[in-house]
Amino acid sequence: MYTLLLVAVGLERLAELWVARRNARWAFAHGGVEVGAGHYPALVAVHAGLLAGCLIEVWAAHRGFLPRLGWPMLAVVAAAQALRWWCIATLGRRWNTRVIVLPRAPLVHRGPTAGCTTPTTWR
């Protein structure tokens, strides 16, 4: 079951990459500027390595499923994925796995962080 969860998370990450590529094309076509592009391959490697490491640990250590831990954590994973896709939907074309800045684009004032104040030094 854990293996299936990791496969599902991996497939979800691939879906994110597809959305990110589409959004990056749109952002660059609208004057977007990427910041920190050199770090992106390392970021992808760390994420892939984390998923692989999770799988290797369970297989190598022959860990069994602990229902009292596993089911609540599955609920946490599902809630985190829902929050993640809420953010993606809220940001729309502006969401990306890369840091792409759209000069003069207005801030997004809706979604999970609505109502939070943003210091002016962040703008």
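- Applying the side chain to side chain contact (heavy atoms under 4.5 Å, CB included) criterion to Leu66, with sequence neighbours excluded, gives Leu69.
- Cluster partners of Ile100, using a side-chain heavy-atom cutoff of under 4.5 Å among ILVMFWY residues and allowing indirect links, are Phe28.
- Following chains of ILVMFWY side-chain contacts shorter than 4.5 Å, one can reach Phe65 starting from Leu5, so the two form part of one hydrophobic cluster.
- The minimum heavy-atom distance linking Pro112 with Cys87 is given by the pair CG-SG, 3.4 Å.
- Residue pairs meeting the salt bridge (charged side-chain N to carboxylate O under 4.0 Å, His left out) criterion with at least one partner in residues 90-113, sequence neighbours excluded, are Glu34-Arg98.
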Just list the side-chain donor-acceptor pairs under 3.5 Å for residues 35-56, sequence neighbours left out, or say none.
{"unit_1": "Tyr40", "atom_1": "OH", "unit_2": "Thr97", "atom_2": "OG1", "d": "2.7"}

Under 3.5 Å donor-acceptor pairs involving side-chain atoms of residues 70-85, not counting sequence neighbours:
{"unit_1": "Gln81", "atom_1": "NE2", "unit_2": "Glu12", "atom_2": "OE1", "d": "3.2"}
{"unit_1": "Arg84", "atom_1": "NE", "unit_2": "Glu16", "atom_2": "OE2", "d": "2.2"}
{"unit_1": "Arg84", "atom_1": "NH2", "unit_2": "Glu16", "atom_2": "OE1", "d": "3.4"}
{"unit_1": "Arg84", "atom_1": "NH2", "unit_2": "Glu16", "atom_2": "OE2", "d": "3.4"}
{"unit_1": "Trp85", "atom_1": "NE1", "unit_2": "Glu12", "atom_2": "OE2", "d": "2.7"}

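- Both Val7 and Leu14 are part of a single hydrophobic cluster, where members link through side-chain heavy atoms under 4.5 Å apart.
- Residue Trp26 belongs to a hydrophobic cluster whose other members are Leu102, with links defined by side-chain heavy atoms closer than 4.5 Å.
- Sparse packing is recorded around CZ of Arg21, with 12 or fewer heavy atoms of other residues, nucleotides or ligands lying under 6.0 Å away.
- Judged as a salt bridge (charged side-chain N to carboxylate O under 4.0 Å, His left out), the pairs with a partner in residues 40-66 (not counting sequence neighbours) are, in order, Glu57-Arg63.
- Within the hydrophobic cluster formed by Ile, Leu, Val, Met, Phe, Trp and Tyr side chains joined at under 4.5 Å, directly or through other members, Val33 stands alone, with no partner residue.
- Under the 3.5 Å distance criterion, the side-chain polar atoms of Asn23 are matched with a main-chain donor or acceptor of Trp95.
- Shortest non-hydrogen contact noted between Asn96 and Ala24 is ND2-N, 3.2 Å.
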